[in-house]
Structures are given as C-alpha cells and as structure tokens.
Amino acid sequence: LKSEKAADNTQLFHVSHSEMASHIPVDFHGNIAIIMFNLGYLPGSDKSVITQADSTLSALNQSLSLLANKGLITIAAYPGHSGGDIECKLIGQWCTQLNPKQYGFELIYSSDKQTAPRLFVIHKD
C-alpha cells in the first residue's frame with residue numbers, strides 16, 4: 001500500500017467478513033462501487049482455517065446494502081477444498097434468490113470439473 005501511495009486512503013480490519021457492515025462508516029453504505037470476495041483459505045497457510053458458509057452468506061447479505069446502484073460484487077469460490085463445495089452451492093442458491101428487478105448475476109467457470117473454482121458476478125441495476 002505504501003509503495004502504491006494508497007496507505008493514506010486505506011483502512012484494514014482484522015475481522016470476519018461477516019462483520020464488514022459494522023466497520024464501514026454509514027456514509028459509505030449504499031455508495032460502494034465494487035465489493036470483492038476471495039473465499040476458501042490463504043494459500044501457503046493453515047488449510048484448516050477456511051471461510052464458512054454461514055459467515056459468507058451473512059457478509060453477502062450485508063454487501064447488498066453497502067453496494068451503490070450500478071455496483072458490482074465478485075465472489076471467487078473454491079469447491080475443491082473441504083467445505084468449499086457446500087459454500088459454493090449455498091452461494092449459488094443465494095444468487096438465484098436475489099430480486100431480479102434489482103440484481104443480475106452470472107456464474108463463470110472454465111471447466112467441467114466439479115472442483116474447478118467459480119466466479120460469481122452480481123451487478124446491481
């Protein structure tokens with residue numbers, strides 16, 4: 001962040017994504033253009049520490065109220081690890097339950113493998 005001269009405009013929080021709305025100032029709610037999720041585990045770290053479907057769905061629900069009109073949410077999900085398949089399935093179900101008059105979504109993946117990563121893209125109309 002310092003090398004890109006972005007440190008002064010950035011604030012990092014070491015909390016669960018399910019707590020994001022409470023850490024983002026109210027003035028920004030409904031004004032965020034892009035929200036990105038990269039789920040699973042941190043490569044090279046303890047693979048037993050993974051995102052959980054319940055906290056991810058909570059974060060996704062919160063993200064809807066944070067997102068600006070014409071905003072975008074991306075979710076990179078990885079069904080190839082323990083628990084990732086359930087998380088992917090529930091995210092897909094969550095996407096299909098979005099109000100189609102307010103949101104559109106796409107599911108992108110380039111393989112027929114069940115364990116291939118998925119990219120969910122949600123746009124707010």
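Every heavy atom of this structure was used, including side-chain atoms; hydrogens, water molecules and symmetry mates were not.
No continuous path of ILVMFWY side-chain contacts below 4.5 Å connects Y109 to Y78, so the two sit in separate hydrophobic clusters. Linking ILVMFWY side-chain heavy atoms closer than 4.5 Å, directly or via other members, places L107 and I86 in a single hydrophobic cluster. Clustering ILVMFWY residues whenever any of their side-chain heavy atoms sit less than 4.5 angstrom apart, transitively, puts F28 in the very cluster that holds L60. L39 is not connected to L72 by any chain of hydrophobic side-chain contacts under 4.5 Å among Ile, Leu, Val, Met, Phe, Trp and Tyr, and they are in different clusters. The cluster map of Ile, Leu, Val, Met, Phe, Trp and Tyr, joined by side-chain heavy atoms under 4.5 Å apart, puts L67 and V121 in different clusters.
Atom CG of L90 sits about 11.5 Å away from atom CD of Q52, to the nearest 0.5 Å. Atom-to-atom distance recorded for N69:CG and N31:CG is 9.5 Å, nearest 0.5 angstrom. One distance of note links NE2 of H17 with OG1 of T56; it measures 3.5 Å at 0.5 Å rounding. Note that OG1 of T10 is 12.0 Å distant from NZ of K2, once rounded to the nearest 0.5 Å. From Q62, atom CD reaches atom CG of L57 across 11.5 Å, with rounding to the nearest 0.5 Å. Between E106 atom CD and H123 atom NE2 the span is 6.0 Å, to the nearest 0.5 Å.
The environment of D8 atom CG is sparse: at most 12 non-hydrogen atoms of other residues, nucleotides or ligands sit within 6.0 angstrom. Taking a 6.0 Å sphere around CZ of F37, one finds it holds more than 12 heavy atoms contributed by other residues, nucleotides or ligands. Crowding of E4 atom CD: a count of heavy atoms from other residues, nucleotides or ligands under 6.0 Å not exceeding 12.
Residues I75 and I122 form a side-chain contact, since some pair of their non-hydrogen atoms from C-beta on lies under 4.5 Å apart. You'll find the side chain of L1 reaches within 4.5 Å of the side chain of L12, heavy atoms only. In this structure, the side chains of M20 and I35 come closer than 4.5 Å at one or more pairs of heavy atoms. Residues D85 and K89 are not in side-chain contact: their nearest non-hydrogen atoms beyond the backbone lie 4.5 Å or more apart. Contact of the I73 side chain with the F105 side chain is not registered, since no non-hydrogen atoms from C-beta on lie closer than 4.5 Å.
Using the six-membered ring where Trp is involved, F13 and H23 have ring planes that are tilted, between 30° and 60° apart.
When all heavy atoms are compared, the tightest approach of C88 to F120 is O-CZ, 3.8 Å. Taking all atoms of both residues into account, the shortest heavy-atom contact from Y41 to V49 is CB-O, 3.3 Å. Contact record, I50 with S82: CD1-O, 3.2 Å, taken as the closest heavy-atom pair. Contact detail for P117 and P79: the closest heavy-atom pair is CA-CD, 4.1 Å. Contact detail for A76 and N38: the closest heavy-atom pair is CB-OD1, 3.7 Å. Taking each heavy atom of K113 and R118 in turn, the nearest pair found is O-NH1, 3.9 Å.
Not one N or O on the side chain of H29 forms a donor-acceptor pair closer than 3.5 Å with the backbone of S65. Between the side chain of T51 and the main chain of G40, a donor-acceptor pair closer than 3.5 Å is present.
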